[in-house]
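Proteins come first, then strands; the chains are lettered A, B, ... in the order of their sequence lines, and each starts at number 1. Note that the structure is a prediction, hence the values are computed from the model and not measured. Computed over heavy atoms, backbone and side chain alike; hydrogens, waters and symmetry mates excluded.
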Amino acid sequence: MRWSRYFLYTSKEEPAEAEAPSHRLLLKAGFIKQVAAGIYELLPPALRVLKKIEGVVRREMDRSGAQELLLTVLNPKELWLETGRWDAYGDELFKLKDRHGREYCLGPTHEEEITDLIRKTVRSYRQLPLLLYQIQVKFRDEKRPRFGLIRAREFIMKDAYSFDADEESAELSYESMRFAYERIFKKLGLKVVVAEADVGQIGGKLSHEFIALTPYGEAKLAYCESCSYAANAEVVPVNDARVWEEEERPLKEVETPGVRTIEELARFLGVEKERIVKAVVYAVKGEPVVVFIRGDREVDENKLEKLLGTDEFRLATDEEVRRFFGTERGFIGPVGLKEGTRVFWDRSVEGIKNAVVAFNEPDKHLVNANPGRDFSYGPFVDLAQVREGDACPRCGEPLRLERGLELGHTFLLGTRYSEPMKAYFTDRDGREKPVVMGCYGIGISRVLAAIVEQHHDEKGIKWPTRVAPFELLIILLNPKDEELTRVAEELYREALAEGLEVLYDDRDERAGFKFADADLVGIPYRLVVGKKVKEGSVELQSRLTGERWELPLNEAVSFVKRKVEEDKR
RNA sequence: CGGGGCGUAGCGCAGGUGGUAGCGCGUCGGCUUUGGGAGCCGAAGGUCGCGGGUUCAAGUCCCGCCGCCCCGACCA
């Protein structure tokens, strides 16, 4: 491809609206254009990358025996009513009507449709196991689209579904997908951690997330360096109840005027935060729920959601606290709490001695409060957010916490969809059973962004050879020079003949301009056709390693060819 | 959905106290230049996000709306 004719327009200016490196660089290098919040066009070079990512994914899916098909974007409402997700999915579902008033959604995921397909086709255990996948555009009306392709409202996803006759077989399917995923991310040059995850909205029994470590991810990952435990932070059990070996001191009432936060209270009383029993008040469907947790700990609302069995809750406002308890926020405590209030005790409070507690009177606290003597507590549940240094639930060593980007997610669904949608088959014993399902997603367009997140420097992108939009960039430094031009043209033809994917910068621009663009766009190999041609050589540079080679003209292309093939192996 | 910020040329931005819009980059034409985003000369390019109001006069002041970005809650 001649750059002079190629639809690739870079910018010298920093895009003002972008912050994440992938977002910034993809815009600046002319790979994507924004149409609306979370909606992007993929321009020719980006599409080349996307296709290569898809290629890697296809190869590995096919190798695991999965068969590709293409489901639909438009999904009728009826299917989604069957699983209850028409409403459960909420505002995130893009909904629309046809001319007859029939309702549809734009598929955000395809469990409904594929289950519908299976119940119409699969009758017998002889047809199982079955593994199907598609690479399709998905739509989710995200509350907050963010960071360009990282969280878009329209995006490309590979989704696979497994169908098995029983649980054991389903677990085998699940495992084979897990291994396929590990191979895929490795081939794509992505550092990915496999984490135990929450099944969340999609439902099911077993779930893993494939998380790329980057500061622009939305997933909080806890991992252990000594035993390789890794999990989404929201599912990590926390148990750090302290052992308090001290005498119980006499209870005392103290004035704490206007002291609202744990921070202020600790400072005001000169005690450590661990000694304070914090009350966090939630409004659950209009009713108060109080979580008592140690003052240095935060509530993990995902854990709370699981305990409550609903996501219809939020922190109570000051106004609600007043209405619920007739006192001010900051002074809710276990002593004298309104009868019948629903209460949870986090494990962190267990065994606390000489604690600071509130007693539902404004501007006062109790110090040296002791459970059993001054208030009753328990039973205990795990509601604390995990934090750096907490004990690994597997080996007890300190955990590390990192932000990451969820690129893939696997779920062993069981019969969450086949049961309500009646996807039954006849087993060898002649009985009707629901198929056992699994589903497996990879955010393809997000992967593209993740690759940039993990492969870039100040100057631009550094595409790994396997996914690069082109393998080789030939830079003609001075198009006015006939000899240079002739040599560059020849190298270009030769590279094409060798089957290399080559972009040939034949634009009438100055050297510095072309080098800057080359760094920005990030093609892994770069042949510089410049003054060394007079000595019969060209310079090859690697964008990935910074290496340089001076090569005789007649060997340059075959050398590149060899390097590219090595990289792709 | 809560909080914050921003909408002026293709991009990045400037336009105290109201007086009819500018800079840099880019684009087009010309000359010069060619190993790290060159220089000079000339030119084109604007619904100042949209609607209303105040005023002799609004990019600027007031009201409403829309869009985009960031933080939080939430999600692949």
Side-chain angles (χ1 to χ4, degrees), chain A residues 9-20 23-24 27-28 30 33-39 89-93 108-110 136 138-159 197-198 200-202 207 209-212 216-220 232 234 282 299-302 304-305 311-315 317 404-411 439-447 449-450 459-460 475-481 484-485 507-520 526 528-533 538-539 541 548:
Chain A
Y9 305 105
T10 60
S11 162
K12 193 170 154 183
E13 306 286 348
E14 288 294 327
E17 311 267 280
E19 193 184 294
H23 190 197
R24 222 185 65 235
L27 282 171
K28 191 175 177 194
K33 276 275 186 283
Q34 183 175 38
V35 173
I39 304 180
Y89 225 96
D91 292 335
E92 217 166 277
L93 213 50
T109 174
H110 285 79
Q136 172 73 286
K138 304 269 199 245
F139 296 86
R140 292 184 193 174
D141 196 358
E142 292 288 344
K143 283 175 190 157
R144 179 138 104 91
R146 222 202 294 220
F147 302 142
L149 297 186
I150 287 179
R151 193 186 327 173
R153 294 193 294 170
E154 174 178 334
F155 58 100
I156 312 283
M157 183 165 162
K158 187 280 317 179
D159 46 326
D198 188 20
Q201 172 71 242
I202 304 226
S207 178
E209 287 175 341
F210 294 75
I211 296 176
Y216 286 92
E218 80 292 10
K220 250 196 266 158
N232 192 309
E234 67 202 36
Y282 287 91
V299 174
D300 188 316
E301 296 191 353
N302 276 289
L304 182 59
E305 178 179 334
D311 63 352
E312 286 174 53
F313 65 88
R314 50 177 174 70
L315 271 178
T317 61
L405 230 191
E406 186 178 336
L407 299 180
H409 206 153
T410 57
F411 298 87
C439 74
Y440 317 90
I442 292 181
I444 302 277
S445 46
R446 177 181 277 188
V447 161
K459 292 177 173 171
I475 302 183
L476 168 57
L477 278 190
N478 184 1
K480 297 268 160 57
D481 183 314
L484 290 194
T485 307
R507 296 173 301 171
D508 186 14
E509 294 290 352
R510 295 170 56 86
F513 185 94
K514 291 190 174 194
F515 283 127
D517 261 0
D519 290 336
L520 178 60
R526 169 197 307 177
V528 183
V529 182
K531 56 191 171 203
K532 297 215 180 74
V533 164
V538 282
E539 185 176 313
Q541 303 175 3
R548 287 162 189 246

Re B:rA14: Watson-Crick or G-U wobble partner, both distances kept under 3.5 Å, found to be none

Rounded to whole Å, CG of A:Leu405 lies from P of B:rA76 at a distance of 12 Å

*For atom C1', what is the distance between B:rG59 and B:rG15, given to the nearest Å?*
8 Å

Rounded to whole Å, the CZ-P distance (A:Arg510 to B:rC40) equals 13 Å

- Exam field: side chain A:Arg526 to backbone A:Gln541, donor-acceptor pair closer than 3.5 Å: no

Check your understanding: Is any side-chain N of the basic residue among A:Lys220 and A:Glu234 closer than 4.0 Å to the acidic one's carboxylate O?
Key -> no

Checklist line | Whole-Å P distance, B:rG10 and B:rC31 | finding: 29 Å

note: A:Leu93, atom CG; B:rC75, atom C1'; distance rounded to Å ~ 13 Å

Closest of B:rG37, B:rG35, B:rA76 to the A:Leu477 side chain is B:rG35

Identify whether any heavy atom of A:Ala152 sits under 4.0 Å from a base atom; if not, whether one sits that close to sugar-phosphate; answer base, sugar-phosphate or nothing.
base

Looking only at heavy atoms, the pair that brings A:Asn232 and A:Ala197 closest together is CB-CA, 4.3 Å

Handout entry: hbond_proxy A:Glu13 side chain to B:rG26 base (donor-acceptor, 3.5 Å cutoff)
Key = no

Sequence neighbours excluded, the answer for side-chain hydrogen bond (donor to acceptor under 3.5 Å, both in side chains) partners of A:Lys138 is A:His110, A:Asp159

Rounded to whole Å, the CG-C1' distance (A:Leu304 to B:rC74) equals 15 Å

As its Watson-Crick or G-U partner within any shown strand, both distances under 3.5 Å, B:rA44 has none

- Checking all strands, does A:Arg507 fall into the base, sugar-phosphate, or nothing category for heavy-atom contacts under 4.0 angstrom? nothing

Between NZ of A:Lys12 and C1' of B:rC11 the distance, given in whole Å, is 12 Å

Pairing partner of B:rG2, by Watson-Crick or G-U wobble and under 3.5 Å for both distances, is B:rC71

**Prompt:** Under 5.5 Å between ring centres and under 30° between planes: does that hold for A:Phe515 against the base of B:rG37?
**Reply:** no

Of A:Val533 and A:Gly408, the one whose nearest nucleotide on RNA chain B sits closer to the 5' end is A:Val533

Note to self: Taking any heavy-atom pair under 4.0 Å as a contact, classify A:Asp517: base, sugar-phosphate, or nothing.
What the structure shows: base

Answer yes when A:Lys480 and A:Asp508 have at least one side-chain N-carboxylate O distance shorter than 4.0 Å, and no when they do not. yes

Pairing partner of B:rG7, by Watson-Crick or G-U wobble and under 3.5 Å for both distances, is B:rC66

Fill in: Nearest-Å distance once atom P is located in both B:rG5 and B:rA14
16 Å

When both distances are under 3.5 Å in a Watson-Crick or G-U wobble arrangement, the nucleotide paired with B:rC61 is B:rG53

Quiz prompt | Under 3.5 Å donor-acceptor, A:Thr410 side chain and A:Ser207 backbone | solution = no

When rounded to whole Å, the CG to C1' distance for the pair A:Leu407 and B:rA76 reads 9 Å

For B:rG35, the nucleotide meeting Watson-Crick or G-U wobble distances (both under 3.5 Å) is none

- Task: Look at all strands and tell whether A:Glu406 reaches a base, only sugar-phosphate, or nothing, counting heavy atoms closer than 4.0 Å.
- Result: sugar-phosphate

Students often get this wrong, so: under 4.0 angstrom with heavy atoms, is A:Arg526 touching a base, only sugar-phosphate, or nothing?
base

Exercise. Taking the same atom, P, in B:rU17 and in B:rU33, what whole-Å distance lies between them?
Worked result: 49 Å

For A:Arg153, the side-chain hydrogen bond (donor to acceptor under 3.5 Å, both in side chains) test, sequence neighbours excluded, returns A:Asp141

- Query: Considering only heavy atoms and no angle criterion, is a donor-acceptor pair shorter than 3.5 Å present between the side chain of A:Asn478 and the base of B:rG35?
  - Reply: no

Taking every heavy atom of A:Glu301 against every heavy atom of A:Leu315, the minimum-distance pair comes out as OE2-CG, 4.3 Å

**Prompt:** Between A:Lys532 and A:Glu539, does at least one N-O distance fall below 4.0 Å, as a salt bridge requires?
**Reply:** yes

When rounded to whole Å, the CZ to P distance for the pair A:Arg140 and B:rC75 reads 11 Å

Using a strict cut-off of less than 4.0 Å between a Lys/Arg side-chain nitrogen and an Asp/Glu carboxylate oxygen, indicate whether A:Glu509 and A:Lys12 qualify as a salt bridge.
-> no

Listed pairs, N/O of protein and of nucleotides 67-73 of chain B, under 3.5 Å:
from	atom 1	to	atom 2	distance (Å)
B:rC68	OP1	A:Ala37	N	2.7
B:rC68	O3'	A:Gln34	NE2	3.4
B:rC68	O2'	A:Glu17	OE1	2.2
B:rC69	OP1	A:Gln34	NE2	2.8
B:rC69	O3'	A:Glu17	O	3.3
B:rC71	OP2	A:Arg144	NH1	3.4
B:rC71	OP2	A:Arg144	NH2	2.7
B:rC71	OP2	A:Arg146	NH1	3.1
B:rC71	N4	A:Arg144	NE	3.3
B:rG72	OP2	A:Arg146	NH1	3.4

Which of B:rC11, B:rG37, B:rG36 is nearest the side chain of A:Thr10? It is B:rG37

Describe the nucleic acid contact of A:Lys514 in one word from base, sugar-phosphate, nothing, applying a heavy-atom distance below 4.0 Å. nothing

Classify A:Gly441 by what it touches in the nucleic acid, base, sugar-phosphate, or nothing, heavy-atom distance under 4.0 Å. nothing

Here the distance between atom P of B:rC11 and atom CZ of A:Arg24, to the nearest Å, is 19 Å

